[in-house]
Amino acid sequence: MRGVRRRIAGAVVAAAAVTVVAVPVTAQASQPDAGAAYQNAALPVPQRIADLIGRMTLAEKIGQMTQAERQAVDTEPGKITELGLGSLLSGGGSTPTPNTPQAWADMVDRYQSHALKTRLRIPLLYGVDAVHGHNNLAGATVFPHNIGLGATRDPKLVQRIGHITAKETRATGPQWTFAPCVCVVRDERWGRSYESFSEDPRLVTELATAIDGLQGTRKGDLKQPDRVLATAKHFAGDGDTKYGSSTTGTYTLDQGVTVTDWKHFASVDLPPYVAAVKRHNVGSVMPSYSSVQWTDRPGSAPVKMHANGELINGVLKGKIGFDGFVISDWEAITQIPGDYATQVRTSVNAGVDMFMEPFRAGQFIQTLTAEVRAGRVPMARIDDAVRRILKSKFELGLFEKPYTDRTHIDSVGSAEHRAVARDAVAKSQVLLKNENKALPLRESQKVYVAGVNADDLGNQAGGWTITWQGKSGNDHFPGTTILGGIKEHADQVTYSADASAPTDGHDVGVVVIGETKPYAEGVGDVGNGNTLNLSAADKAAVDRVCGAIDTCVVLDVAGRPQIITDELPKADAFVMSWLPGSEGAGVADVLFGRTPFTGTLPVSWPRAEDQEPINAGDRGYDPLFRYGFGLTTR
């Protein structure tokens, strides 16, 4: 999810949200019969949908197509009733106070009570970015980001993680997550690289089992208190944009242009979405901010995905057969050329069904109403969108149980869930070098640990953790740092963040390098204040520790490969640890041989930054480490 003016809690948001006057849905017509067919849970969902749509006014239908950010209505929840909003969301960092499971559930139920005051009592659908666990909630289990899960190559583990995420999310109120990202990263300079499972569409497709974990696999699973609606994003090509093509702020890749021919697009960028729909029956799909420009069509110009009727209506809904609903990204339609009315009309007609217009819900409703009345948006398109949205609400069982089922609320961040996360961390570690029998370490060794990433939960979790961008430090959520994990295994541990403490007398040095400022989306693009190169501090730490201690192990904590060509020879062992999340002890488990190294690279590792983009199958393919490389200590 989303663009530059993001969902930052408590920011400049609130009052401007729904100031545009729209016709309130509460004054439209009399109450329906108590025995209305749509209220009968025994009837088939298509019959209930048809009955409800037949009772709805235009205002009620457009209200269902509208999603606002919670901050826009929090002080005036009556706006939910007045506008007949179909959905709310929490953007990154948009949380209740206190940020606890109980407060989340109470908050969502409070908003739901206002939706149920509307004439037809259509419940709200509440969405969050639970992208590596219920990561907005302090205390939730925070799993490795997708790129680390890609290194495990374990579809069953990814499915189990999805199920735990769903369980913790649904128990606290939200019934919908904007995940998983089934993008295919083709250039690690992209700031969202860690949200992708792999550069290989086949591996991404295999790990789309995350959808099954979130939604379940059997009819009726979505009604259960441990499942949520999933979202396959970002349709399509967002990991395959051309460097320097983005026109969003100072971004270089994110929200840029996928310059491609149909053959490449259909074989690389599209396959995970085909699987998401056909194999996993995903409930919603989110288009990308990016554009597509066809190289096999003379004169082709970039077309924003939210305006691309050929791909949304024609391919996604037509050829692939998607019968769920399409949710726009955060204010994404405003990147379409033209005035607001043109942007609304274009995106609705292209096939977008629900609109994430966080702070202009009233304006969106008013604008779309005028477009329909003027005949520029067909009523059939409105009915199709609403039918798709209602289908999910019925399948989630919200008409029967609109309020939060808190059965599993005590499982949030439980020891059982954290054990799964710890196992996932261990399986995600990729051993790139291991000479002189450096690994596994022995508990009897005196261990010297250096590097700020050794003892920083925020850095090891990365972006999309408590806040949108994430935040360094150990005070934002519970968990175990890598240093903490090492101390579980070894009795004699010295820690020096800057490697300034004396090294004498130690048997092994462990230097934890990597990206030390969490980031999300285009904020993390290389060329936008970021680089794949190691910092001077990291290089100095490697030089000092590896030059002074006979056995030296280097760990890289980052959301993508970094340039280690010069540092690699200095270390006896080198491990890619990715962004492990809240359970850093899983890193120590493989270092000390509790579990073997089994992870393999889900992306190619460049020799130099200017070697990007580099992917398996490229002509002249010569990375530092090939796609799929990984040593084992089995």
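One-based numbering along the sequence shown. Remember, predicted model here, so these are calculated numbers, not experimental data.
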* To do: Measure from the side-chain N and O atoms of Arg418 to the backbone N and O of Gly413, and report whether any donor-acceptor pair falls under 3.5 Å.
  => yes
* Would you please say whether a donor-acceptor pair under 3.5 Å links the side chains of Asn459 and Ser472? => yes
* Asked: Would you say Pro518 and Thr465 make side-chain contact, with heavy atoms under 4.5 Å?
  -> no
* **Distance, nearest 0.5 Å, that separates CG of Leu229 from CZ of Arg170** => 9.5 Å
* To do: Step by step, work out the side chain to side chain contact (heavy atoms under 4.5 Å, CB included) result for Thr241 and Val257.
  => CA-CA 5 Å; Thr241 56; Val257 182; 5.8 Å; no
* To do: Check whether any side-chain heavy atom of Ile482 lies under 4.5 Å from a side-chain heavy atom of Asn453, and answer yes or no.
  => no
* Asked: Do the non-hydrogen side-chain atoms of Leu591 and Leu555 ever get within less than 4.5 Å of each other?
  -> yes
* Asked: Just how far is it from atom OG1 of Thr258 to atom CE of Met305, taken to the nearest 0.5 Å?
  -> 6.5 Å
* At what distance, to the nearest 0.5 angstrom, does CG of Leu439 lie from CG of Asn434? -> 4.5 Å
* To do: Verify the distance criterion only: is there a donor paired with an acceptor across the side chains of Tyr243 and Asp187 at less than 3.5 Å?
  => no
* **Worked verdict on Val447 versus Val510 for side chain to side chain contact (heavy atoms under 4.5 Å, CB included)** => CA-CA 7 Å; Val447 183; Val510 177; 3.9 Å; yes
* How far does CG of Asp455 sit from CD1 of Ile486, to the nearest 0.5 angstrom? -> 10.0 Å
* Between Phe477 and Ala461, what is the shortest heavy-atom contact and its length? -> CZ-CB, 3.7 Å
* To do: Begin with the C-alpha distance, continue with both residues' side-chain angles, and end with the deciding distance and a verdict on side chain to side chain contact (heavy atoms under 4.5 Å, CB included) for Phe235 and Leu311.
  => CA-CA 9 Å; Phe235 184 82; Leu311 292 177; 4.0 Å; yes
* Close side-chain approach of Val508 to Tyr448, heavy-atom, < 4.5 Å -> no
* **Side-chain H-bond candidate by donor/acceptor type, Glu199 with Ser604, under 3.5 Å** => yes
* Asked: Is there side-chain contact between Ser535 and Thr516, with at least one heavy-atom pair below 4.5 Å?
  -> no
* Ignoring hydrogens and angles, tell me if any N or O in the side chain of Gln215 forms a donor-acceptor pair with the backbone of Gly283 under 3.5 Å. => yes
* What pair of heavy atoms forms the shortest contact from Thr205 to His280, and how long is it? -> O-NE2, 4.5 Å
* Using atom types as modelled and distance alone, determine if a side-chain donor or acceptor of Ser196 lies under 3.5 Å from a backbone N or O of Cys183. => yes
* Asked: Has the side chain of Arg189 got a donor or acceptor atom that lies under 3.5 Å from a matching backbone atom of Asn530?
  -> no
* What is the minimum heavy-atom distance between Ala179 and Ala130, and which atoms define it? -> CB-O, 3.5 Å
* Any side-chain heavy-atom pair of Pro272 and Val184 under 4.5 Å -> yes
* Cationic tip of Arg186 above Phe265 ring, under 6.0 Å, 45° of axis -> no
* When rounded to the nearest 0.5 angstrom, what is the spacing between CG in Leu270 and CG in Asp240? -> 12.0 Å
* Structure fact -> Nearest heavy-atom contact between Gly485 and His489 is O-CD2, 3.2 Å
* Within 6.0 Å of NZ in Lys517, more than 12 heavy atoms from elsewhere -> no
* salt_bridge(Arg560, Glu515) N-O dist < 4.0 Å -> yes
* Atom CZ of Arg202: over 12 foreign heavy atoms under 6.0 Å -> no
* **Exercise: identify the closest heavy-atom pair between Val554 and Cys546** => CG2-SG, 4.1 Å
* **Closest approach of Arg422 to Asp589 (non-hydrogen atoms, all atoms of both residues)** => NE-OD2, 2.7 Å
* Any ion pair linking Arg192 and Asp238 (charged N to carboxylate O, less than 4.0 Å)? -> no
* With no hydrogens and no angle check, do the side chains of Gln460 and Thr481 hold a donor and an acceptor under 3.5 Å apart? -> no
* **Donor-acceptor under 3.5 Å (Tyr289 side chain, Trp330 main chain)** => yes
* Determine whether Ser284 and Phe325 make a side-chain contact, defined as any pair of heavy atoms from C-beta on separated by less than 4.5 Å. => yes
* To do: Applying side chain to side chain contact (heavy atoms under 4.5 Å, CB included), run through Tyr273 and Val315 and close with a yes or a no.
  => CA-CA 10 Å; Tyr273 297 94; Val315 175; over 6 Å; no
* Neighbour count >12 (heavy atoms, 6.0 Å) for atom NZ, Lys317 -> yes
* Structure fact -> d(Tyr194 OH, Ile147 CD1) to nearest 0.5 Å is 11.0 Å
* **Side-chain donor/acceptor of Thr209 to backbone N/O of Asp212, under 3.5 Å** => no
* Report the residues that fulfil side chain to side chain donor-acceptor pair (under 3.5 Å) with Asn281, sequence neighbours left out, ordered by chain and then residue number. => none
* Under 4.5 Å between any side-chain heavy atoms of Phe625 and Met576, yes or no? -> no
* Structure fact -> The single option from Thr172, Thr177, Thr165 that satisfies side-chain hydrogen bond (donor to acceptor under 3.5 Å, both in side chains) with His134 is Thr172
* State plainly whether the residues Lys233 and Asp129 are in salt-bridge range, i.e. N to O under 4.0 Å. => yes
* Asked: Does the pair Asp226/Lys167 count as a salt bridge with the N-to-O cut at 4.0 Å?
  -> no
* Asked: Taking the side chain from Thr565 and the backbone from Arg607, do they hold a donor-acceptor pair closer than 3.5 Å?
  -> yes
* Ignoring hydrogens and angles, tell me if any N or O in the side chain of Asp538 forms a donor-acceptor pair with the backbone of Gly514 under 3.5 Å. => yes
* Structure fact -> Test side-chain hydrogen bond (donor to acceptor under 3.5 Å, both in side chains), reference Trp464, set Glu195, Gln469, His145, His132, output is Glu195
* To do: Taking Asp221 for its side chain and Arg218 for its backbone only, find out whether a donor-acceptor pair lies under 3.5 Å.
  => yes
* Asked: Any sub-3.5 Å donor-acceptor pair from Thr252's side-chain atoms to Asn528's backbone N or O?
  -> no
